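Structure first, then comments.
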There are 2 protein chains.
Amino acid sequence: MVSAPLSAISKDGKERLRLWIRMLRASRTIEAELRERLRREFDTTLPRFDVLAALYRAPEGMLMSSLSRFLLVSNGNVTGIVDRLVSEGLVTRARRNGDRRTSMVKLTDSGKAQFEAVAAAHEGWIGELLGDVSDEDTRRLSGMLKSFRSNWEGRE
Amino acid sequence: MVSAPLSAISKDGKERLRLWIRMLRASRTIEAELRERLRREFDTTLPRFDVLAALYRAPEGMLMSSLSRFLLVSNGNVTGIVDRLVSEGLVTRARRNGDRRTSMVKLTDSGKAQFEAVAAAHEGWIGELLGDVSDEDTRRLSGMLKSFRSNWEGRE
DNA sequence: CCTTGAAATTTTAAGCTTGAAGTAATTCGG
DNA sequence: CCGAATTACTTCAAGCTTAAAATTTCAAGG
């Protein structure tokens with residue numbers, strides 16, 4: 001069909017708005033379910049889990065600023081979450097000799113062990129919660145979102 | 001547990017996990033940008049806007065419980081947000097004669113006017129932020145998310 | 001050196017969010 | 001009727017979140 005409009009930038013605003021609302025509701029629904037299970041089964045929270053996950057990928061540790069940039073949250077936010085993780089013995093925060101303004105945050109052995117346990121359950125939950133999305137749709141959606149994200153990386 | 005698990009379908013867990021992470025990052029990125037613009041240009045917040053949007057679709061008003069169910073947030077949460085909207089003169093909260101436990105929340109004229117102004121800008125922003133998603137992908141994604149959502153409606 | 005500015009982080013105030021406990025009004029079985 | 005359960009909502013304590021201000025440290029130019 002030749003629905004191609006004269007202005008290539010037709011861009012159906014209403015349809016995009018609908019997409020955004022559905023996307024937001026879907027992620028809020030999944031997030032709520034994850035939060036509930038993390039609390040009930042592991043007595044932890046999503047933000048804590050997110051920090052542990054970021055640190056797990058970085059055995060050498062991460063700076064506070066890298067952490068907040070990676071997690072898409074504010075600096076001050078990470079300060080509080082890391083404070084709690086330190087007091088739970090899951091991570092350490094060490095001032096660096098090279099630049100004493102910065103501190104390197106690392107998983108402890110206990111933090112690493114706890115993350116591995118939670119992550120295994122988490123992956124299963126996602127599989128369950130997204131179980132109605134076919135493998136094909138999963139790949140297709142994932143591809144669309146990948147390119148979407150990359151268009152925004154520069155802004156953060 | 002549920003009925004017998006059908007192992008006929010492979011269900012790639014890793015790929016679903018990747019999809020979830022991308023979906024979460026995409027919605028967080030968009031949400032952050034919306035929050036920033038709402039604050040800068042209209043001196044308001046996303047939760048307040050969400051409440052106004054829900055009420056706008058319901059000229060006769062909404063109960064607190066319908067509001068929290070619709071917005072996928074807790075009861076106590078809505079109480080606080082509506083408190084602020086009332087003090088800003090954007091909504092009213094009236095106890096009902098029929099059932100004195102409930103209260104009907106309605107937009108004021110001022111609230112309606114403010115919502116219309118913000119909503120117009122909001123729709124434009126979404127069009128801009130999702131501008132790199134083609135019309136075809138928009139419809140496809142939207143369709144996938146619609147069916148996804150409906151599989152979860154029962155749980156809320 | 002020394003000051004000025006920039007960078008990394010923390011602190012602060014305000015608001016959002018939840019789950020649980022509390023209050024008040026309604027409904028319903030006996 | 002009446003007491004018990006239910007429903008609608010609010011309050012509460014704790015944690016998450018942000019933007020802005022404050023603090024500490026580093027870097028660079030004079």
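For clarity, every value in this text was computed on a predicted model and none was experimentally measured. The sequence lines fix the lettering, A, B, ..., with proteins before strands; numbering per chain opens at 1.
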In this structure, how many angstroms lie between the [atom2] atom of [N] and the [atom1] atom of [X], rounded?
{"X": "D43(B)", "N": "dG15(C)", "atom1": "CG", "atom2": "P", "value": "10 Å"}
{"X": "L46(A)", "N": "dG19(C)", "atom1": "CG", "atom2": "P", "value": "12 Å"}
{"X": "R69(B)", "N": "dC9(D)", "atom1": "CZ", "atom2": "P", "value": "9 Å"}
{"X": "L63(B)", "N": "dT26(C)", "atom1": "CG", "atom2": "P", "value": "14 Å"}
{"X": "L67(B)", "N": "dT10(D)", "atom1": "CG", "atom2": "P", "value": "11 Å"}
{"X": "D83(A)", "N": "dG15(D)", "atom1": "CG", "atom2": "C1'", "value": "12 Å"}

Next item on the list: Could you tell me which non-hydrogen atom of D50(B) sits nearest to which non-hydrogen atom of L71(B), and how far apart they are?
Entry: O-CD2, 3.7 Å
Next item on the list: Remember a base hit wins even if backbone is also touched, and classify R40(A) as base, sugar-phosphate or nothing at under 4.0 Å, heavy atoms.
Entry: nothing
Check: Without hydrogens or angle criteria, can the side chains of T102(A) and R96(A) be said to hold a donor-acceptor pair below 3.5 Å?
Finding: yes
Note to self: Looking at S74(A), is its backbone amide N or carbonyl O close enough to the side chain of S68(A) to form a donor-acceptor pair, meaning the two atoms are under 3.5 Å apart?
What the structure shows: no
Notebook entry, point to check: Are V86(A) and V105(A) co-members of a hydrophobic cluster defined by side-chain heavy atoms under 4.5 Å apart?
Noted result: yes
Notebook entry, point to check: Quick one: on DNA chain D, does T79(B) or T45(A) contact a more 5' nucleotide (nearest heavy atom)?
Noted result: T79(B)
Item checked: Nucleic acid footprint by protein, nucleotides 17-26 of chain D - heavy-atom cut-off 4.0 Å, B for base, S for sugar-phosphate alone -> SBSS----BS
Margin query: Within the 4.5 Å heavy-atom criterion, are R39(A) and T45(A) side-chain neighbours or not?
Written below: no
Notebook entry, point to check: Is there a side-chain contact between M62(B) and K106(B), using heavy atoms and a 4.5 Å cut-off?
Noted result: no
